[in-house]
Asker: 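Below is one structure. I have some questions about it.
Naming: A, B, ... by sequence-line order, numbering from 1 per chain. Only this structure's heavy atoms are used, side chains among them; waters, hydrogens and symmetry mates stay out. Values in this document were obtained by computation on a predicted structure and should not be read as measured data.
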Amino acid sequence: MSAFRGVVVVVEHDGDRILSHLETLAAAACRVADGNDQKVCAVLVGRRVARLAAEVAAATGWDVTGIENDALILFNTEQHKAVLAQYFACRTPEWLFMAHSAAAQELAPALAMRLGGGCVTGVQAAAAEDGRVVLKRPVFGGKLVATVVPEVRPVVVTLLPGAGGDAVPPPAAPGRVEVITAACPPVAARVIGRRSAETTGAAITEARTIVAAGNGIGSREQLDMVSALARCFPRSAVAGSRPVCDRGWLPHSFQVGLTGTTVRPDLYIACGISGAFQHVAGIREAGFIAAINRDPQAAIFQVADVGIVADLAEFLPVLIEVLGENRKEALNHEGHEEHEGEKTENGDE
Amino acid sequence: MKILVCIKQVPEPEARIEPAPDGRSVQVAGEACRMNRYDACALECAVRLKAAATVPVTIHAVTVGPDGADVVLRRAMGMGADAAAHLVCTRDPFLSPYVVAEALAHYARKAAYDLILCGVVSEDMMQGITGPILAEHLGLPAACSVMTVRFWDDGAGVDIEKEVEGGVQVAMALPLPALLSIQSGVYQPRYPSLSRLLKAAGAVVETFPVQSEAAPRQRISHVGAPSAKVTARFLEGSLEQKARALQHLLAGQGVL
């Protein structure tokens with residue numbers, strides 16, 4: 001049996017709100033802890049964290065430790081690495097869980113190194129099977145799933161939303177809250193400030209149908225075809241995945257995903273989008289997802305309701321024609337012109 | 001000023017990838033491999049920093065990989081790296097990032113690099129931890145998902161902007177030496193120039209056996225297809241049949 005005991009969840013916050021997806025962390029931590037007969041607790045690091053610590057204790061039932069220092073004003077990973085490594089040095093748990101976030105990307109591997117442990121990032125399923133913890137994570141753009149066996153302890157794990165499986169029932173009683181003051185050694189890296197994203201095109205947050213272009217469109221010219229497809233739908237907009245926006249084919253304000261915009265259309269048509277989890281995170285709440293991709297292994301087909309394996313350059317003109325015919329027929333049948341409320345907002349116009 | 005860019009070779013993104021019969025490794029259709037996209041962005045960042053610098057800058061590219069991995073190093077030289085080193089290891093699709101990071105650290109200690117750049121994540125294993133582990137080995141401050149880098153006028157540090165959730169950019173100042181992992185976006189990799197590629201083809205890429213005593217700290221016990229519980233319903237037939245079937249489905253969803 002490992003000399004390290006327990007599961008500790010490091011909860012991320014912005015000083016005002018909890019940022020981590022607590023349901024995911026709670027479900028994963030409970031599954032791993034129960035399977036190993038261990039206890040779960042949580043830590044929050046910041047300038048003033050008593051209120052947030054109490055919030056976590058109430059939501060999860062865990063005992064929560066708030067670690068405070070007046071120097072922790074702006075989130076600076078170098079400070080958090082130092083404070084957490086110091087805190088855990090003499091009470092190292094077997095498992096440290098964090099939400100998979102930009103902060104965790106910097107913090108998790110460094111903290112694991114300072115504690116002499118290992119780090120497994122982007123875990124999509126964490127559970128205990130026969131007393132052994134099983135961590136599954138997407139690899140090769142989500143085409144395959146690898147089961148990772150950590151061989152050292154502690155293990156710092158970053159969890160994708162939903163990684164704990166079904167939600168656990170709410171706690172019978174809140175956990176205890178303890179707030180301590182920790183030393184914060186000076187660090188050389190300074191945080192200067194934050195800049196908000198470019199204003200998001202209202203079109204993609206309000207559209208009922210989004211036609212999104214991915215790397216698979218191949219060339220900027222193909223965007224015309226994507227726009228033409230969008231025009232087949234009322235209240236539609238064009239959006240893009242990261243590679244398309246990176247190339248400047250669409251502005252970054254049209255980027256859907258973890259670091260872009262989260263969208264909630266009734267219909268999302270993914271054209272040539274591979275379906276990396278960073279993109280999929282932005283379309284979880286879409287009503288119906290249709291995916292068109294020439295790669296039958298593309299991960300987008302794991303989240304789509306309907307899939308079409310085809311070359312976009314060949315398929316989109318056919319689809320546009322079929323949808324166009326249908327629209328004409330419907331209008332003729334109803335015997336009136338397109339009513340004024342139907343307005344197509346195309347992102348690239 | 002010396003910049004080290006760490007580069008990984010990955011399979012072509014659209015290559016057919018299957019779990020191997022042993023269930024513990026993978027089979028990739030074709031041998032084609034290319035430079036990890038984010039590492040190409042890191043190299044582009046280095047080349048632009050060099051062009052903008054007021055002091056001489058040298059760019060070294062390094063990779064840890066099996067025989068043949070020097071292909072990506074020659075491309076790196078074509079894009080603007082001044083020299084390249086290949087740390088040769090056995091062919092292993094799941095080489096532990098702990099082994100790779102220690103090998104890179106061993107190499108990086110040979111020269112006093114002011115700045116070490118990596119891609120934010122590899123397209124194949126998608127862990128994003130080799131860079132931060134390397135920074136810990138070398139005791140360097142690190143920032144991940146970096147979008148822009150600018151040297152201070154005195155060359156003693158860098159101002160960076162990094163990307164966090166919701167498209168927010170965080171501005172930081174880091175003294176050098178430091179390690180940055182570069183996100184795609186601003187630094188769209190250039191095409192290698194023909195003259196540089198020709199020169200790179202004949203250039204000597206230094207090779208060293210991987211020196212890493214590191215324990216792997218993790219292993220892959222199984223690789224498989226994603227669980228089939230949620231898979232799209234695939235539409236079959238000719239292009240027109242697929243289009244009509246989709247139109248029918250969308251009409252049923254009330255979105256037309």
Asker: Could you look at Arg137(A) and say if it's the side chain, the backbone, both or neither that has a heavy atom under 4.5 Å from chain B?
Answerer: side chain
Asker: If you draw a 6.0 Å radius around CZ in Arg114(A), do more than 12 non-hydrogen atoms from other residues or ligands fall strictly inside?
Answerer: yes
Asker: With rounding to the nearest 0.5 Å, note down the distance linking CD1 in Ile133(B) to CE in Met113(A).
Answerer: 6.0 Å
Asker: Going from NZ on Lys162(B) to CD on Glu106(A), what distance comes out if it is rounded to the nearest 0.5 angstrom?
Answerer: 3.5 Å
Asker: Taking side chain as everything from C-beta outward and backbone as N, CA, C, O, which of these in Pro265(A) sits under 4.5 Å from a heavy atom of chain B? Side chain, backbone, both or neither.
Answerer: neither
Asker: Could you look at Asn215(A) and say if it's the side chain, the backbone, both or neither that has a heavy atom under 4.5 Å from chain B?
Answerer: neither
Asker: Do any N or O atoms from the side chain of Lys136(A) and from the backbone of Pro226(B) form a donor-acceptor pair under 3.5 angstrom?
Answerer: no
Asker: Among Gly260(A), Ser274(A), Gly141(A), which residue has the highest count of heavy-atom pairs closer than 4.5 Å to chain B?
Answerer: Gly141(A)
Asker: Looking at side-chain heavy atoms only, is the closest gap between Leu323(A) and Leu256(B) below 4.5 Å?
Answerer: yes
Asker: Only pairs of heavy atoms separated by less than 4.5 Å count here; which of Pro141(B), Pro175(B), Ser184(B) has the most with chain A?
Answerer: Ser184(B)
Asker: Please determine, among Gly117(A), Gly142(A), Pro138(A), the option with the most heavy-atom pairs under 4.5 Å with chain B.
Answerer: Gly117(A)
Asker: Working to the nearest 0.5 angstrom, can you tell me the gap between Asp311(A) CG and Leu239(B) CG?
Answerer: 8.5 Å
Asker: Determine whether Ser101(A) and Glu165(B) make a side-chain contact, defined as any pair of heavy atoms from C-beta on separated by less than 4.5 Å.
Answerer: yes
Asker: Given heavy-atom pairs under 4.5 angstrom as the criterion, report whether the side chain, backbone, both or neither of Ala188(A) touches chain B.
Answerer: both
Asker: Examine whether an atom of Pro11(B) lies under 4.5 Å from a heavy atom of chain A, and if so say whether it belongs to the side chain, the backbone or both; otherwise answer neither.
Answerer: side chain
Asker: The test is side-chain contact (heavy atoms from CB on, under 4.5 Å); show your working for Ile308(A) and Phe234(B) and say whether it passes.
Answerer: CA-CA 6 Å; Ile308(A) 292 154; Phe234(B) 284 100; over 6 Å; no
Asker: Do the charged groups of Glu321(A) and Arg244(B) touch, with an N to O distance under 4.0 Å?
Answerer: no
Asker: Within the 4.5 Å heavy-atom criterion, are Leu144(A) and Pro19(B) side-chain neighbours or not?
Answerer: yes
Asker: With a 4.5 angstrom heavy-atom cut-off, is it the side chain or the backbone of Glu240(B) that approaches chain A, or both, or neither?
Answerer: both
Asker: Quick one: of Asp266(A), Val318(A), Ile300(A), who has the most non-hydrogen atom pairs under 4.5 Å with chain B?
Answerer: Val318(A)
Asker: I'd like to know whether CG of Asp22(B) has more than 12 heavy-atom contacts from other residues, nucleotides or ligands below 6.0 angstrom.
Answerer: yes
Asker: State whether the side chain of Lys242(B) and the backbone N or O of Val309(A) hold a donor-acceptor pair below 3.5 Å, judged by distance alone.
Answerer: yes
Asker: For Ile160(B), is it the side chain, the backbone, both, or neither that has a heavy atom closer than 4.5 Å to a heavy atom of chain A?
Answerer: neither
Asker: Is Phe288(A) in contact with chain B via its backbone, its side chain, both, or neither, using a 4.5 Å heavy-atom distance?
Answerer: side chain
Asker: Quick check on Leu246(B) against chain A: is it the side chain, the backbone, both or neither that has a heavy atom closer than 4.5 Å?
Answerer: side chain
Asker: Measure distances from Arg190(A) to the heavy atoms of chain B and classify the residue's part below 4.5 Å as side chain, backbone, both or neither.
Answerer: both
Asker: List the steps and the verdict of side-chain contact (heavy atoms from CB on, under 4.5 Å) for Thr147(A) and Ile220(B).
Answerer: CA-CA 6 Å; Thr147(A) 305; Ile220(B) 306 281; 5.8 Å; no
Asker: Are Val164(B) and Phe75(A) close enough that some pair of their side-chain heavy atoms sits under 4.5 Å apart?
Answerer: no
Asker: Of the backbone (N, CA, C, O) and the side chain (C-beta and beyond), which part of Gln127(B) lies under 4.5 Å from a heavy atom of chain A, both, or neither?
Answerer: both
Asker: Non-hydrogen atoms of chain A under 4.5 Å away: do they reach the side chain of Val26(B), the backbone, both or neither?
Answerer: side chain
Asker: Are Asp246(A) and Arg37(B) within salt-bridge range, i.e. N to O under 4.0 Å?
Answerer: yes
Asker: Just checking Arg294(A): does its CZ atom have more than 12 heavy atoms from other residues, nucleotides or ligands closer to it than 6.0 angstrom?
Answerer: no
Asker: State the CD-CZ distance between Gln169(B) and Arg195(A), to the nearest 0.5 angstrom.
Answerer: 5.0 Å
Asker: Given the options Gln124(A), Gln255(A), Arg208(A), Lys81(A), which has more heavy-atom pairs under 4.5 Å with chain B than any of the others?
Answerer: Lys81(A)
Asker: Give the member of Val155(A), Val139(A), Val149(A) that has the highest number of heavy-atom pairs under 4.5 Å with chain B.
Answerer: Val149(A)
Asker: If you count heavy-atom pairs under 4.5 Å with chain A, which of Leu174(B), Val10(B), Ile17(B) comes out on top?
Answerer: Ile17(B)
Asker: Under a 4.5 Å cutoff for heavy-atom pairs, which residue among Arg16(B), Gln247(B), Arg219(B) has the most contacts with chain A?
Answerer: Arg219(B)
Asker: What I'd like to find out is whether the side chain of Tyr98(B) reaches to under 4.5 Å of the side chain of Cys119(A), using heavy atoms alone.
Answerer: yes
Asker: Is Asp305(A) in contact with chain B via its backbone, its side chain, both, or neither, using a 4.5 Å heavy-atom distance?
Answerer: backbone
Asker: What distance do Arg194(A) atom CZ and Met172(B) atom CE have between them, rounded to the nearest 0.5 Å?
Answerer: 12.0 Å
Asker: Go through Glu136(B), Glu161(B), Arg233(B) and name the one with the most non-hydrogen pairs under 4.5 angstrom from chain A.
Answerer: Glu136(B)
Asker: Is it the side chain or the backbone of Glu78(A) that comes within 4.5 Å of chain B heavy atoms, both, or neither?
Answerer: side chain
Asker: Roughly how far, to the nearest 0.5 Å, is the CZ atom of Arg132(A) from the OG atom of Ser221(B)?
Answerer: 5.5 Å
Asker: At a 4.5 Å cut-off on heavy atoms, which part of Thr259(A) comes close to chain B: side chain, backbone, both, or neither?
Answerer: both
Asker: Heavy-atom distances under 4.5 Å only: say whether Phe277(A) touches chain B with side chain, backbone, both or neither.
Answerer: side chain
Asker: Quick check for you: among Met125(B), Arg217(B), Gln218(B), which has the greatest number of heavy-atom pairs under 4.5 Å with chain A?
Answerer: Arg217(B)
Asker: Which residue out of Ser145(B), Pro132(B), Ala173(B) racks up the most heavy-atom pairs below 4.5 Å with chain A?
Answerer: Ala173(B)
